[in-house]
Amino acid sequence: MRRVGEVVRTAQGLAILRCSDEAHPDIGTDVVDSELESVGRVVDVFGPVERPYLAVSPADGVALPTLLGEKLYAR
């Protein structure tokens, strides 16, 4: 498990994460929180190469507003 980044906002039903560095997970990667609970799946990578953003589609039952500020991890 490796840290992906932090949720900086929500938009159009997606959680937007800012990556910690230029290494980012591939589209389709499962994303979990610090308690290893499934949060969703990466659906897009965009922005600057040095620290891209990720768009994560939330899993069923995940409330997007509760994710703001959370650090998420790739499984």
Side-chain angles (χ1 to χ4, degrees):
M1 183 170 86
R2 81 182 159 107
R3 186 170 151 190
V4 173
E6 182 177 341
V7 178
V8 293
R9 67 176 301 181
T10 61
Q12 299 177 357
L14 301 171
I16 307 300
L17 281 73
R18 181 70 189 246
C19 288
S20 305
D21 55 29
E22 61 191 32
H24 60 79
D26 294 328
I27 292 175
T29 301
D30 289 325
V31 178
V32 296
D33 62 14
S34 60
E35 297 174 0
L36 299 179
E37 296 291 325
S38 179
V39 172
R41 187 175 296 249
V42 177
V43 294
D44 195 11
V45 179
F46 60 96
V49 173
E50 296 82 26
R51 281 187 68 200
Y53 291 91
L54 300 177
V56 174
S57 177
D60 291 338
V62 174
L64 286 177
T66 63
L67 295 178
L68 286 173
E70 289 286 324
K71 291 176 178 44
L72 300 181
Y73 304 86
R75 184 174 291 228

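Here, residue 1 is the first one in the sequence, and each next residue gets the next number.
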task: Taking atom CZ of Arg9 as the centre, report whether more than 12 heavy atoms of other residues, nucleotides or ligands fall under 6.0 Å from it.
output: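 At most 12 heavy atoms, drawn from other residues, nucleotides or ligands, come within 6.0 Å of this atom.
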- prompt: Is it the case that Arg18 and Tyr53 place a side-chain donor and acceptor less than 3.5 Å from each other?
  reply: yes
message: The test is side-chain contact (heavy atoms from CB on, under 4.5 Å); show your working for Leu72 and Glu70 and say whether it passes.
response: CA-CA 6 Å; Leu72 300 181; Glu70 289 286 324; 4.3 Å; yes
Distance check, rounded to the nearest 0.5 Å: [X] atom [atom1] versus [Y] atom [atom2]?
X: Ser20; Y: Lys71; atom1: OG; atom2: NZ; answer: 8.5 Å
X: Ser57; Y: Gln12; atom1: OG; atom2: CD; answer: 12.5 Å
X: Glu6; Y: Leu68; atom1: CD; atom2: CG; answer: 9.5 Å
X: Met1; Y: Ser34; atom1: CE; atom2: OG; answer: 8.0 Å
X: Arg51; Y: His24; atom1: CZ; atom2: NE2; answer: 13.5 Å

field: Residues Asp30, Tyr73; criterion side-chain contact (heavy atoms from CB on, under 4.5 Å); working and verdict
entry: CA-CA 9 Å; Asp30 289 325; Tyr73 304 86; over 6 Å; no
Locate the shortest heavy-atom distance separating [X] from [Y]; write the atom from each residue and the value.
X: Ala15; Y: Leu67; answer: CB-CD1, 4.3 Å
X: Val45; Y: Pro25; answer: CG2-O, 4.1 Å
X: Ser38; Y: Val32; answer: CA-CG1, 4.0 Å

Verdict with supporting geometry, Asp44 and Leu54, side-chain contact (heavy atoms from CB on, under 4.5 Å): CA-CA 6 Å; Asp44 195 11; Leu54 300 177; over 6 Å; no
Kindly work out whether a path of hydrophobic side-chain contacts (I/L/V/M/F/W/Y, heavy atoms less than 4.5 Å apart) joins [X] to [Y].
X: Phe46; Y: Val8; value: yes
X: Leu64; Y: Val39; value: yes
X: Ile27; Y: Leu17; value: yes

task: Given side-chain contact (heavy atoms from CB on, under 4.5 Å), test Val42 with Val31 step by step and report yes or no.
output: CA-CA 7 Å; Val42 177; Val31 178; 3.7 Å; yes
task: Can you sort out the partners of Asp33 under salt bridge (Lys or Arg N to Asp or Glu O under 4.0 Å), two or more places apart, ordered by chain and number?
output: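 Per chain and number, Asp33 pairs via salt bridge (Lys or Arg N to Asp or Glu O under 4.0 Å) with no residue.
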task: Name all residues meeting the side-chain hydrogen bond (donor to acceptor under 3.5 Å, both in side chains) criterion together with Arg75; count only those two or more places apart in sequence or in a different chain, and write none if there are none.
output: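 Partners of Arg75 by the side-chain hydrogen bond (donor to acceptor under 3.5 Å, both in side chains) criterion come out as none, since no residue qualifies.
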query: Is there side-chain contact between Val43 and Leu14, with at least one heavy-atom pair below 4.5 Å?
result: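 Yes; the side chains approach each other to less than 4.5 Å.
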